[in-house]
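Taking it in order: structure first as structure tokens, then the write-up.
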Amino acid sequence: MTGRGGRRLDEVWRDGARAHLGITVAGFPNLFVLYGPNTNLGHNSIVYMLESQFGYVLQAVDRLAAGARSIDVRPEVQQRSNAAVQEAIRATVWNSGCTSWYTTAAGRNTNNWPGFTFDYRRRLRRFDDAEFVVTTADESVSTAR
């Protein structure tokens, strides 16, 4: 998978996968990952998480169908959302007391969502153009509809 500037996803994720809300990866426009980084569960149904993701991705696809050429999450938005997940997961059972496949060799959890599934669904309820660089068909960049 190759993104902007020839960056390869396997290289970007070399030290652990990262994606905004587990769905979009900065520098990889129009890439929408389902069951992506930090969306696994050890306490609820992954089907519920996937249903939440489907609705969010469909909103993005609708935006593309309405004239957007590309949608790329802003790097600072991805960084903030990942930092919040890592902070929240630090105190969970998935990140303390043992070594597991949930974490990278450096100790970064790339697998589990640290909160309630209903909070995740609430966060995905509305696709927010302000979190993305949205390029229209005429190559201009906008942040709002």
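In this text the structure is predicted, and so the values were computed from the model without any measurement. Worth knowing before you read on, the calculation uses all heavy atoms, side chains too, and leaves out hydrogens, waters and symmetry mates. Counting from 1, the numbers follow the sequence of the chain as shown.
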[X] (side chain) donor-acceptor with [Y] (main chain) under 3.5 angstrom:
| X | Y | answer |
| --- | --- | --- |
| N111 | W101 | yes |
| H43 | P114 | no |
| N38 | N112 | yes |
| Q86 | N109 | yes |
| N40 | T110 | no |

Could you measure the distance from the [atom1] atom of [X] to the [atom2] atom of [Y]? Nearest 0.5 Å is fine.
| X | Y | atom1 | atom2 | result |
| --- | --- | --- | --- | --- |
| Q78 | F132 | CD | CZ | 10.0 Å |
| R123 | D128 | CZ | CG | 7.0 Å |
| T24 | N30 | OG1 | CG | 11.0 Å |
| D10 | T2 | CG | OG1 | 8.5 Å |
| D72 | R4 | CG | CZ | 5.0 Å |
| R7 | M1 | CZ | CE | 13.5 Å |

Would you say [Y] ends up clustered with [X] if hydrophobic residues are merged whenever their side chains have heavy atoms under 4.5 Å apart, either directly or through other cluster members?
| X | Y | value |
| --- | --- | --- |
| I89 | Y102 | no |
| L41 | V85 | yes |
| I71 | V77 | yes |
| W113 | F32 | yes |
| L21 | F28 | no |

Do you see a donor-acceptor pair shorter than 3.5 Å between the side chains of Q53 and Y35?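 The answer is no; no qualifying pair exists.
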Compute the ring centroids of Y48 and Y120, then answer whether they are less than 6.0 Å apart.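 Not under 6.0 Å, so no.
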Heavy atoms only: give me the nearest [X]-[Y] pair and the separation to one decimal.
| X | Y | result |
| --- | --- | --- |
| Y56 | L124 | CD1-O, 3.4 Å |
| P29 | S70 | CB-CB, 4.0 Å |
| A19 | S81 | O-OG, 4.4 Å |
| S52 | R121 | OG-NE, 2.8 Å |
| L50 | L34 | CD2-CB, 4.1 Å |

Does the side chain to side chain contact (heavy atoms under 4.5 Å, CB included) test come out yes or no for T117 and E51, once each step is laid out? CA-CA 11 Å; T117 54; E51 289 172 344; over 6 Å; no
F116 atom CZ, over 12 foreign heavy atoms within 6.0 Å: no
Are R18 and V25 packed together at the side-chain level, in the sense that at least one heavy-atom pair is separated by less than 4.5 angstrom? no
Would you check if I23 and V57 make a side-chain contact, meaning some heavy-atom pair closer than 4.5 Å? yes
Give a yes or no on whether a salt bridge exists between E11 and R14, defined as a side-chain N under 4.0 angstrom from a carboxylate O. no
